[in-house]
Amino acid sequence: MRGSFLRLDQLTGSARKTLANDEPKVPDIVNSIYAALVIGPLVICFWRGTWNLMDMLLFPEDEVLRMITLQVFGLGGHLFFMLLQTTLERWLDVEVRPVSFYLLSRVYTYIYGAMCVATWRGGWILIDRYSPPSLVFFMEASLVALLLLGSIQSFCNVAGAPFVNDSPDGYFDVPTYFKSKGSKDPGLYVLDCMFSVLVIGSLVVFVWRGLWVLLDLKLFPEDHGTSAWASIIIGYGVTGVTFSLQPLMRWTCDRLTGFWRVVVADLFLFFSFIGTINVWRGIWQALDTYFLPDDPLLSNWITHGAALLLLILLNCSNSVLVRGVYIDAEEPAGQCVVFPVYYIRLFFQKERKKKQRRLFDALERADLNSTGGVLQDKKHHHSLQTAAQQPAQQKEQQKEAHQHHIAADQNHQVIRNLEAVPLTIIDDPKSNGDHSSQPTRK
């Protein structure tokens, strides 16, 4: 998870006052509600529709063949996009090819999103088919998976909500566990990618499957509608408590270091994970129960297509991705327990950036005009002085030139101050789309 701050402390003088007044104050609760009630359900709709369509259209009579196909497509796709991320960033530079970036990045999101769903669906088929049909087994296996994730400081990857906007910055980034670089050691980078996908990803899938089975068997198993509503109530209740506890948890982690800071952060993340999995299960099961139950194919196509289209229009389509690996409490101080939910604030930030750009252009034009005026005045004054030798006018022209220089220097200073403003709220967004910076969509 990545917390961040909107830093305006580098601004000085009137420029700081102007931009600070223009910056809209978006309460954290507004962003949290927007993520929980709009973006989250849309991401779940996309996953539910894609998941069920794969079951219905891909080898419906042969589960083993479907499982193999999904695993090859999903895991292979993950590795492919991990290895290709630097190349994509270079090819689809938003500053050089803005139209190509917008169109092809959405195609990338759709394909990668389908790969994410395929990985999870294939993994669940594998678990269900070859694991003992015992709740005890699933609970023990989930506990072991959680302990393994905690031992390698990757526990945070089990929990998350859709926190990612489709920002051009880092759109194709897929962080790996060891953070190796392909340009320096390609062989080690490939191994890093394989470990991140095959080991970390598989452990997370196992944790989700175990708790999902527990909810299916213990939460009103005979009544799917009641079970769905119970999960929704539990999920949003826990989510609300989680968001309300963030200031306290941040204060606590600010004062802890080392082992205990990681432990406290992981306990908080596990609590948020309980809310996340209940929201996912509740909305998913409610759609299966109430949304066109007599025509499941149409129901799945609608949730698959309409949800993705709305997310694209809301500039949040990358939230459907589950990608990348993150380390527990790697953020500074209390930022490790802050959910960077900045959807609405980022929208206003983009508008502020446009205003700054227009101000830059105006100041540059004024600077050029001032410099041009000074040169013209000097030239005109020199000709007059040579022809008529008028000392009084010479002094006046020198005074005006001095004032022009002062104005030009002020314009340069304002430009330097404005350029010092960080225009990105989220310092290190998660993947465009992975756990906390990416939703955990299961």
So does Y102 get a backbone contact from the side chain of S105, meaning a donor-acceptor N/O pair under 3.5 Å?
yes
Would you say that V322 contacts T119 through its side chain, given a criterion of any heavy-atom pair below 4.5 Å between the two side chains?
no
Heavy-atom closest pair (V158 atom, W208 atom, distance to 0.1 Å) is O-NE1, 3.0 Å
Straight-line distance of L75 CG to L70 CG, nearest 0.5 Å
10.0 Å
Under 4.5 Å between any side-chain heavy atoms of S231 and W284, yes or no?
no
If you compare all heavy atoms of T303 against all heavy atoms of G49, which two are closest, and at what distance to 0.1 Å?
OG1-CA, 3.3 Å
Establish, from distance only, whether the side-chain atoms of T109 and Y171 form a donor-acceptor pair under 3.5 Å.
yes
For S196 against V325, the heavy-atom pair lying closest together:
CB-CG2, 3.5 Å
Does any part of the side chain of L126, heavy atoms only, come nearer than 4.5 Å to the side chain of R209, both counted from C-beta?
no
We want to know whether S299 and R48 form a side-chain donor-acceptor pair, criterion being a heavy-atom distance below 3.5 angstrom.
yes
Between atom CZ of F59 and atom CG of L65, what is the distance when rounded to the nearest 0.5 Å?
4.0 Å
Name of the residue among D192, L191, I200 meeting side-chain contact (heavy atoms from CB on, under 4.5 Å) with T176
D192
Please tell me whether R121 and T50 have a donor and an acceptor in their side chains that are separated by less than 3.5 angstrom.
no
Quick check against the 3.5 Å criterion: does Q285 have a side-chain atom that pairs as donor or acceptor with the backbone of H224?
yes
Report yes if the side chains of M249 and F271 come closer than 4.5 Å at any heavy-atom pair, otherwise no.
no
Over 60° means perpendicular and under 30° means parallel, so classify the ring planes of F270 and F273, tilted if in between.
tilted
Please say whether the positively charged group of R106, taken as NZ for Lys or CZ for Arg, lies over the ring of Y110, i.e. under 6.0 angstrom from the six-membered ring centre and within 45 degrees of the axis.
no
What closest approach, in Å, do R90 and R97 show between heavy atoms, and which atom pair accounts for it?
O-NH1, 4.1 Å
Find the distance between CG (D295) and CG (N300) and round it off to the nearest 0.5 Å.
9.5 Å
Check the surroundings of atom OH in Y290: do more than 12 heavy atoms from other residues, nucleotides or ligands lie under 6.0 Å from it?
yes
Look at the aromatic rings of Y108 and Y112 and report parallel, tilted or perpendicular, splitting at 30° and 60°.
perpendicular
Kindly give the heavy-atom pair with the smallest separation between R281 and S227, and that separation in Å.
NH2-OG, 2.6 Å
Can you tell me how far SG of C336 sits from CD1 of I327, rounded to the nearest 0.5 angstrom?
13.0 Å
Run the numbers on V205 and I127 for side chain to side chain contact (heavy atoms under 4.5 Å, CB included), then give the verdict.
CA-CA 9 Å; V205 172; I127 293 170; 4.2 Å; yes
Out of curiosity, L203 CG to L148 CG, how far, rounded to the nearest 0.5 Å?
5.5 Å
Separation of E330 CD from C156 SG (nearest 0.5 Å):
6.5 Å
Sub-3.5 Å donor-acceptor pair from the side chain of Y177 to the main-chain atoms of S154, do we have one?
no
Do F268 and Q246 have side chains that approach each other closer than 4.5 Å (heavy atoms only, starting at C-beta)?
yes
If the plane angle is over 60° it's perpendicular, under 30° parallel, otherwise tilted; pick one for W124 and W51.
perpendicular
Measure across A36 and Y236 and return the closest heavy-atom pair with its distance rounded to 0.1 Å.
O-OH, 2.7 Å
So that I know where these two stand, are F138 and W212 an aromatic pair - ring centroids less than 6.0 Å apart?
no
